[in-house]
Amino acid sequence: MEGTCSGGKDVVHKCHSDPGSAVAEREEGDDDLRASVARGRSTSTRVKSSSRHCPSGTSSRKCILTLDGYSYVIVASPPDHRVTKDDSSLTHTSPGRNGQLSKQGSLTIVRRSSTKKNQNHSGTVAGCPSSSSFADDEVLDAVDLDTDNLPAVDTPDACDKAAIRLRCLLRQLQRGEISAELLQKNLHYAARVLEAVFIDETKRVAPSAKVTPTLVYRRLADDDDELSEVQPDAVPPEVREWLASTFTRQLATTRRKSDEKPKFRSVAHAIRAGIFVDRIYRRVSNTALMQFPPDVVRVLKTLDEWSFDVFALSDAACSQPVKYLGYDLLNRYGMIHKFKVPPVTLETFLSRVEEGYCRHKNPYHNNLHAADVAQTVHYMLCQTGLMNWLTDLEIFATLVAAIIHDYEHTGTTNNFHVMSGTETALLYNDRAVLENHHISASFRVMKDEECNILQNLSREEFREFRTLVIDMVLATDMSFHFQQLKNMKNLLTLAEPSVDKSKALSLVLHCCDISHPAKRWDLHHRWTMLLLEEFFRQGDKERELGLPFSPLCDRNNTLVAESQIGFIEFIVEPSMAVCSDMLESILGPIHSTCKPSDGAQQSISEDAEIDRAKNGSTSSPKRSLKFKIKKPWTACLGENKKSWKEQAARDAELRAQQQQEQSDGAVTTEE
């Protein structure tokens with residue numbers, strides 16, 4: 001903050017505080033105030049001010065700013081200075097780091113009404129005037145209770161407007177001068193403002209203090225996972241065998257009872273359009289942040305695209321895609337700042353995870369796959385608006401789960417571990433062998449002090465984080481696939497489905513894990529060749545051990561095109577369809593009252609939505625006006641399936657030709 005003193009010199013007043021503190025800047029002779037007045041929130045407000053002179057050589061410096069009929073007296077004082085009685089109506093002393101007062105003094109903000117009758121009344125720090133500010137009958141009589149042009153509920157003016165309207169309503173109710181319709185509209189507006197303030201405070205100040213009752217997730221599916229329900233006779237036997245062995249193993253462990261499930265906070269009805277952009281693009285003003293090579297920055301500009309090229313990122317990042325992509329995602333969503341993750345610790349953690357992914361030199365389940373899945377999860381969070389349904393901690397857990405979901409993968413399947421009796425299978429009793437290892441090994445890494453990105457989480461936050469990550473990663477076990485889809489499909493058929501956040505995020509991560517057939521053809525084809533090579537290497541090991549070949553693992557007898565057609569038709573397409581329905585069910589109520597994100601569309605006309613808001617209606621849109629998300633994967637799946645069918649026809653023709661040649665050769669030999 002800069003102020004002009006009577007001595008004729010410009011004295012620079014600095015406020016040493018965290019990003020949430022009030023900061024003023026000088027631009028072209030005017031003082032601009034950038035203030036965050038809601039308990040450390042970094043929302044910036046820029047106002048014009050008039051500078052007042054202060055005596056040179058005094059122990060404190062004062063600057064008076066005017067805005068919207070109020071005067072803001074900002075006093076910079078040394079530690080031993082006390083605010084005078086004249087300025088003591090309201091003070092806001094900016095804390096230093098870690099909640100301690102700055103050793104260089106304090107910053108006091110006093111707010112006073114500029115009107116003569118109210119100049120002794122002060123407002124609140126959060127921008128909401130105190131009740132005494134509106135005691136003047138003349139002020140209340142001048143209030144226009146029309147609700148057509150009110151500010152948005154998440155703006156600084158909203159609290160002021162709501163407070164004065166409530167007092168005016170009380171006054172008119174006593175006189176019997178207000179209509180029921182006008183009363184309803186104003187109370188509805190005030191309730192939305194209070195809800196917005198409440199959600200901001202509970203999420204920011206006491207994230208673990210408020211939890212909702214446990215959401216009961218019904219087990220609506222049958223106990224049996226019968227692949228025959230989706231198997232036409234046209235599926236080649238080998239493909240059918242592979243689908244059956246991979247996706248239909250029964251859940252061997254007892255499911256957790258509903259009352260033992262973790263509790264999650266619900267913020268579905270408090271999402272506002274401004275938070276979306278603010279949270280996704282927020283940057284931390286810390287010089288210790290990791291430096292990104294220019295080529296990496298260039299590739300990461302396309303991070304929001306569905307068919308993101310992770311191979312290009314790996315080339316630009318010198319084969320370290322997890323390190324740069326993971327860091328960028330956690331920074332974009334504000335996780336580094338929110339959960340006080342030391343940048344050096346995060347960099348070390350991501351480097352250690354990257355090393356674990358490369359340990360077995362797998363063609364497919366490696367650091368590129370981890371980065372690809374994490375980016376796809378980011379698309380689901382950001383471009384569909386799913387992030388608006390989640391708390392910061394849930395977003396943090398989702399991103400970390402995506403990054404570590406295949407950590408130290410051996411390049412072999414769970415069935416291989418069980419059949420060959422590996423140490424890992426013995427350790428986890430043949431149950432979700434790899435998935436249990438991914439989780440356990442990752443949390444062991446996070447126990448190391450130099451990799452502990454969770455060091456500043458509270459005990460409650462850590463338990464919620466760990467439970468979420470475990471649930472999500474275990475759900476990537478392919479043998480749970482059909483049970484998982486059945487549960488969600490049946491749940492969504494209910495009149496008012498209540499989706500458990502853990503189950504929803506688990507399905508999202510599972511779909512992202514198997515999503516490469518839903519990406520652009522060149523990316524999908526490359527992933528397919530890498531995955532088949534990994535299968536073939538497992539087949540080579542099975543031959544050496546005298547084990548029967550697992551489906552699609554025999555180099556000499558694998559139908560590549562047919563296997564991918566079966567995988568798309570019976571696994572990926574149904575999964576993405578159920579995931580889409582789930583997201584639309586979850587996000588529909590949110591977007592019925594909020595501005596949709598850029599990646600979503602709503603089939604409610606703009607005029608209809610405006611009329612609904614003016615009428616004060618809080619009801620959900622009709623079922624015919626269903627909220628829709630964009631589905632770029634639908635077109636990709638169709639194109640890729642068409643390409644594989646063309647390839648299958650060519651392969652079949654080639655096999656027929658080879659068989660004819662062999663038959664002709666045999667006849668010639670006999671002659």
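Everything numeric here is computed off the predicted structure, so don't read it as measured data.
- Annotation: side chain of Tyr379 is not in contact with side chain of Leu303 (no heavy-atom distance under 4.5 Å).
- Rounding to the nearest 0.5 angstrom, the gap separating the OH atom in Tyr364 from the CE atom in Met529 is 12.5 Å.
- Taking Ser307 as the reference, nothing meets the side chain to side chain donor-acceptor pair (under 3.5 Å) condition, with sequence neighbours excluded.
- Every residue was checked against the salt bridge (Lys or Arg N to Asp or Glu O under 4.0 Å) condition with Arg466, not counting sequence neighbours, and none meets it.
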Enumerate, atom names and distances included, each donor-acceptor pair closer than 3.5 Å involving a side-chain atom of residues 310-320, sequence neighbours excluded.
none

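- Looking at Asp406, its side chain never comes within 3.5 Å of a backbone N or O of Ala370 through a donor-acceptor pair.
- Remark: Arg650 pairs with no residue by the salt bridge (Lys or Arg N to Asp or Glu O under 4.0 Å) rule, at least two apart or across chains.
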Derivation and outcome, salt bridge (Lys or Arg N to Asp or Glu O under 4.0 Å), residues Arg655 and Glu562: CA-CA 14 Å; Arg655 287 194 300 269; Glu562 286 82 351; 3.5 Å; yes

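- Under 3.5 Å, the side chains of Asp554 and Asn557 contain a donor-acceptor pair of N or O atoms.
- Counting only distance, with no hydrogens or angles, the side chain of Ser440 and the backbone of Asn436 share no donor-acceptor pair below 3.5 Å.
- By the 4.5 Å heavy-atom criterion applied to side chains, Leu386 and Leu583 are counted as neighbours.
- Side chain of Ser515 to backbone of Ala518: no donor-acceptor contact under 3.5 angstrom is found.
- At least one donor-acceptor pair under 3.5 Å links the side chain of Thr422 to the backbone N or O of Ala425.
- His417 has its side chain out of reach of Asp430: every pair of non-hydrogen atoms, C-beta onward, lies at least 4.5 Å apart.
- Residues forming a side chain to side chain donor-acceptor pair (under 3.5 Å) with Glu354 (at least two apart in sequence, or on another chain): Asn367.
- When atom types are taken as modelled, the side chain of Asp513 and the backbone of Leu509 share no donor-acceptor pair closer than 3.5 angstrom.
- With a 6.0 Å radius and a threshold of 12 heavy atoms from other residues, nucleotides or ligands, Lys631 has its NZ atom above the threshold.
- Note: Met335 CE to Asp392 CG = 4.5 Å, rounded to the nearest 0.5 Å.
- Counting only distance, with no hydrogens or angles, the side chain of Glu461 and the backbone of Ser458 share a donor-acceptor pair below 3.5 Å.
- Nearest heavy-atom pair across Ile565 and Ala648 is CD1-CB, 4.2 Å.
- With hydrogens and angles disregarded, no donor-acceptor distance shorter than 3.5 Å links the side chain of Ser550 to the backbone of Cys553.
- Side chain of Thr467 to backbone of Glu464: no donor-acceptor contact under 3.5 angstrom is found.
- No side-chain donor-acceptor contact under 3.5 Å links Gln483 to the backbone of Phe480.
- With salt bridges taken as basic N to acidic carboxylate O contacts below 4.0 Å, one links Arg537 and Glu533.
- To the nearest 0.5 angstrom, Ile404 atom CD1 is 10.0 Å from Tyr407 atom OH.
- Among the candidates Asp471, Leu468, Asp500, Thr398, the single residue satisfying the side chain to side chain contact (heavy atoms under 4.5 Å, CB included) test with Ser506 is Asp471.
- Between the side chains of Asp304 and His378, a donor-acceptor pair is found at a separation under 3.5 Å.
- Listed by chain and residue number, His365, His438 satisfy the ring-ring contact (aromatic ring centres under 6.0 Å, His included) test with His409 (two or more places apart in sequence, or in another chain).
- For the pair Leu325/Ile403, no side-chain contact is recorded, criterion being any heavy-atom separation below 4.5 Å from C-beta on.
- Pro293 approaches Tyr324 most closely through the heavy-atom pair CD-CE2, 3.5 Å.
- Nearest heavy-atom pair, Gly326 versus Leu350, reported as atom, atom and distance to 0.1 Å: C-CD1, 3.8 Å.
- A donor-acceptor contact under 3.5 angstrom links the side chains of Thr410 and Thr412, judged on distance only.
- Here the side chains of Asp581 and Ser585 are not in contact, with every heavy-atom distance at 4.5 Å or above.
- Side-chain contact annotation: His516 with Asp372, donor-acceptor N/O pair under 3.5 Å absent.
- With hydrogens and angles left out, the side-chain atoms of His405 and His369 include a donor and acceptor closer than 3.5 Å.
- Looking at Thr424 and His437, their side chains never bring a donor and an acceptor atom within 3.5 Å of each other.
- Of the N and O atoms on the side chains of Thr376 and Lys519, at least one donor lies less than 3.5 Å from an acceptor on the other residue.
- Atom CD of Gln647 sits about 11.5 Å away from atom CG of Leu559, to the nearest 0.5 Å.
- Shown here for Ala397 and Val469, the closest heavy-atom pair between the two residues is O-CG2, 3.7 Å.
- For CZ of Arg352, the number of neighbouring non-hydrogen atoms (other residues, nucleotides, ligands) closer than 6.0 Å is greater than 12.
- The side chain to side chain donor-acceptor pair (under 3.5 Å) search around Thr528 returns His524, not counting sequence neighbours.
- Taking the ring-ring contact (aromatic ring centres under 6.0 Å, His included) definition, one finds that Tyr428 meets it with nothing, sequence neighbours left out.
- Using modelled atom types and a 3.5 Å distance limit, the side chains of Gln564 and Asn640 yield no donor-acceptor pair.
- Note on residues 411-428: no pairs pass salt bridge (charged side-chain N to carboxylate O under 4.0 Å, His left out), not counting sequence neighbours.
- In this model, a donor atom of one side chain and an acceptor atom of the other lie less than 3.5 Å apart for Glu542 and Gln538.
- Residues Phe549 and Arg543 share a closest heavy-atom pair of CZ-NH2, 3.5 Å.
- Residues Glu450 and Thr345 have side chains that never bring a donor and an acceptor to within less than 3.5 angstrom of each other.
- The ring-ring contact (aromatic ring centres under 6.0 Å, His included) search around Phe396 returns Phe339, Phe465, not counting sequence neighbours.
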side-chain contact (heavy atoms from CB on, under 4.5 Å) between Met582 and Leu491, worked out: CA-CA 9 Å; Met582 179 194 72; Leu491 177 63; over 6 Å; no

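- The closest side-chain heavy-atom distance from Asn366 to Lys361 is not below 4.5 Å.
- Here the shortest heavy-atom pairing between Val299 and Asp309 reads CG1-O, 4.3 Å.
- Remark: the Asp477 side chain and the Ser479 side chain contain an N/O donor-acceptor pair separated by less than 3.5 Å.
- Ile514 is listed as a side-chain neighbour of Phe567, based on a closest heavy-atom distance under 4.5 Å.
- Partners of Arg463 under the salt bridge (Lys or Arg N to Asp or Glu O under 4.0 Å) rule, at least two apart in sequence or in another chain, do not exist in this structure.
- Side-chain atoms of Leu457 and Leu393, non-hydrogen and from C-beta on, do get closer than 4.5 Å to each other.
- No donor-acceptor pair closer than 3.5 Å links the side chain of Thr558 to the backbone N or O of Arg555.
- When the salt bridge (Lys or Arg N to Asp or Glu O under 4.0 Å) test is applied to Asp522, the partners found at least two apart in sequence or on another chain are Arg520.
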